Amino acid sequence: MHKKLILEIRANEYAMRDGNPHVPWTPEELGAEADACRAAGATIFHFHPRTPQGAPGLSYDTYHAVMNRIRAGSDILVHATLGAEQQTPDSSVRLDPIRKLTEDGLRPDFAPLDMGSSNLDLLTEDGTDFATTETVYINTTRTLRFFAESLRDLGVKPYPTIWNASQLRLTDVFHRMKILDGPVWASLTMSEGPAFCSHPGSLAGLNAYLSLIPDSLPIEWSALVYGGSLLKLAPEVIARGGHLAIGIGDYAYPEEGAPTNAELAERVVAMAKDIMGREVATPDEAREMLGMS
Ligand code: ZN
């Protein structure tokens with residue numbers, strides 16, 4: 001009996017609708033999409049609050065409306081964002097929505113920890129120039145420790161996002177210092193297209209991660225590819241006992257006919273079953289696998 005596969009849907013990030021018209025933005029759109037993804041078998045739903053015009057919508061009212069709608073629709077586990085675009089030296093500002101949601105009885109199940117600082121510049125669409133040259137995403141060790149400890153206090157499982165293999169080492173250090181509880185649930189991030197800030201979304205990019213997971217780190221890992229298709233790599237991830245974090249927030253999937261998130265979920269559920277006979281975990285099963293109460 002193979003380990004069950006945790007399927008996370010990365011619903012929208014900051015994607016606009018020029019590549020895929022199905023990107024959900026509003027609380028109602030996100031809620032309906034979460035329902036459809038759960039019905040298709042998905043385990044976790046990751047969202048960014050957006051305005052009706054698609055801009056980042058990090059007001060607490062929007063967070064609250066999205067969480068409220070998702071919780072009313074299904075038991076899907078929820079991974080909320082910490083608002084990376086809020087470049088503030090005061091980390092507690094980024095944590096505020098998660099804290100307030102918890103107080104209001106709408107606690108998300110996971111929140112991300114981006115395990116380092118990076119240049120996040122993108123290329124232009126044709127790849128011949130930089131779209132930006134000054135985008136630095138700062139996550140100091142102190143900030144990460146603050147997030148990890150605060151999230152644990154709130155009962156939210158920290159979800160390290162790993163941008164390169166060295167960040168696996170910091171994740172291992174955090175676990176050994178008991179800042180993170182095991183098993184650690186982490187996403188191995190790769191990128192393609194306009195984004196070049198992490199490993200390439202290839203077998204070599206994945207293998208580099210897998211060959212460098214510290215022996216001391218108890219980890220359940222998901223693979224994600226930002227800016228490119230994860231479907232090419234998914235069979236290998238499934239065969240290697242990994243989990244999948246996929247969605248039209250990361251990539252529009254034009255070669256698949258610009259599907260909805262739920263359609264992608266259906267594809268992956270079928271693929272996991274075909275390739276290794278792996279069933280997709282229910283939310284309760286995933287909680288158990290990840291050591292969540
Ligand atoms: Zn995100």
Side-chain angles (χ1 to χ4, degrees), residues 6-17 19-20 22-27 29-31 33-34 37 42-51 54-59 62-63 66-67 70 76-88 91 93-98 101 108-118 120-122 135 137-139 143-144 147-148 151 156-164 167 185-195 197-199 201 221-230 243-253 261 264-265:
I6 298 170
L7 172 56
E8 174 179 6
I9 296 299
R10 294 171 48 86
N12 63 351
E13 298 300 303
Y14 297 111
M16 299 308 285
R17 289 176 175 161
N20 186 323
H22 304 298
V23 179
W25 289 341
T26 66
E29 289 164 357
L30 282 160
E33 191 80 327
C37 289
T43 321
I44 302 175
F45 191 79
H46 171 56
F47 74 91
H48 290 244
R50 306 278 293 269
T51 69
L58 287 174
S59 77
T62 310
Y63 261 103
V66 176
M67 278 302 303
I70 294 174
I76 200 162
L77 298 175
V78 181
H79 169 201
T81 184
L82 277 177
E85 73 280 20
Q86 289 194 106
Q87 288 291 325
T88 162
S91 313
V93 171
R94 285 177 60 194
L95 192 69
D96 254 351
I98 307 289
L101 285 170
D109 303 282
F110 307 96
L113 285 186
D114 290 296
M115 294 302 286
S117 301
S118 307
L120 288 196
D121 294 310
L122 299 176
T135 313
Y137 180 25
I138 298 171
N139 291 285
T143 296
L144 293 170
F147 283 154
L151 290 169
V156 176
K157 177 119 176 148
Y159 184 6
T161 306
I162 311 289
W163 296 74
N164 60 62
Q167 295 184 7
W185 169 234
S187 62
L188 306 180
T189 302
M190 293 162 272
S191 61
E192 291 284 324
C197 51
S198 55
H199 292 206
W221 56 272
S222 62
L224 84 85
V225 177
Y226 181 80
S229 174
L230 180 58
H243 306 280
L244 291 164
I246 189 170
I248 62 175
D250 286 338
Y251 179 60
Y253 288 89
N261 284 300
L264 267 185

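Just follow the structure's listing: the first ligand is 1, and inside any ligand the first atom is 1. Here the structure is a predicted model, which is why all the values come from computation and not from measurement.
Within the protein, the N, O or S atoms sitting under 2.8 Å from the Zn ion (ligand 1) are Glu13 OE1, Glu13 OE2, His46 NE2, His48 NE2.
For Ser187, there are no side chain to side chain donor-acceptor pair (under 3.5 Å) partners, not counting sequence neighbours. When the side chain to side chain donor-acceptor pair (under 3.5 Å) test is applied to Glu8, the partners found at least two apart in sequence or on another chain are His79, Tyr159. Every residue two or more places apart in sequence or in another chain was checked for a side chain to side chain donor-acceptor pair (under 3.5 Å) with Asn20, and none qualifies.
At distances below 3.5 Å, not a single donor-acceptor pair connects side-chain atoms of Arg10 with backbone N or O atoms of Tyr251. A donor-acceptor contact shorter than 3.5 Å is absent between the side chain of Asp109 and the backbone of Leu77.
In this structure, Trp185 has its ring center under 6.0 Å from that of His243.
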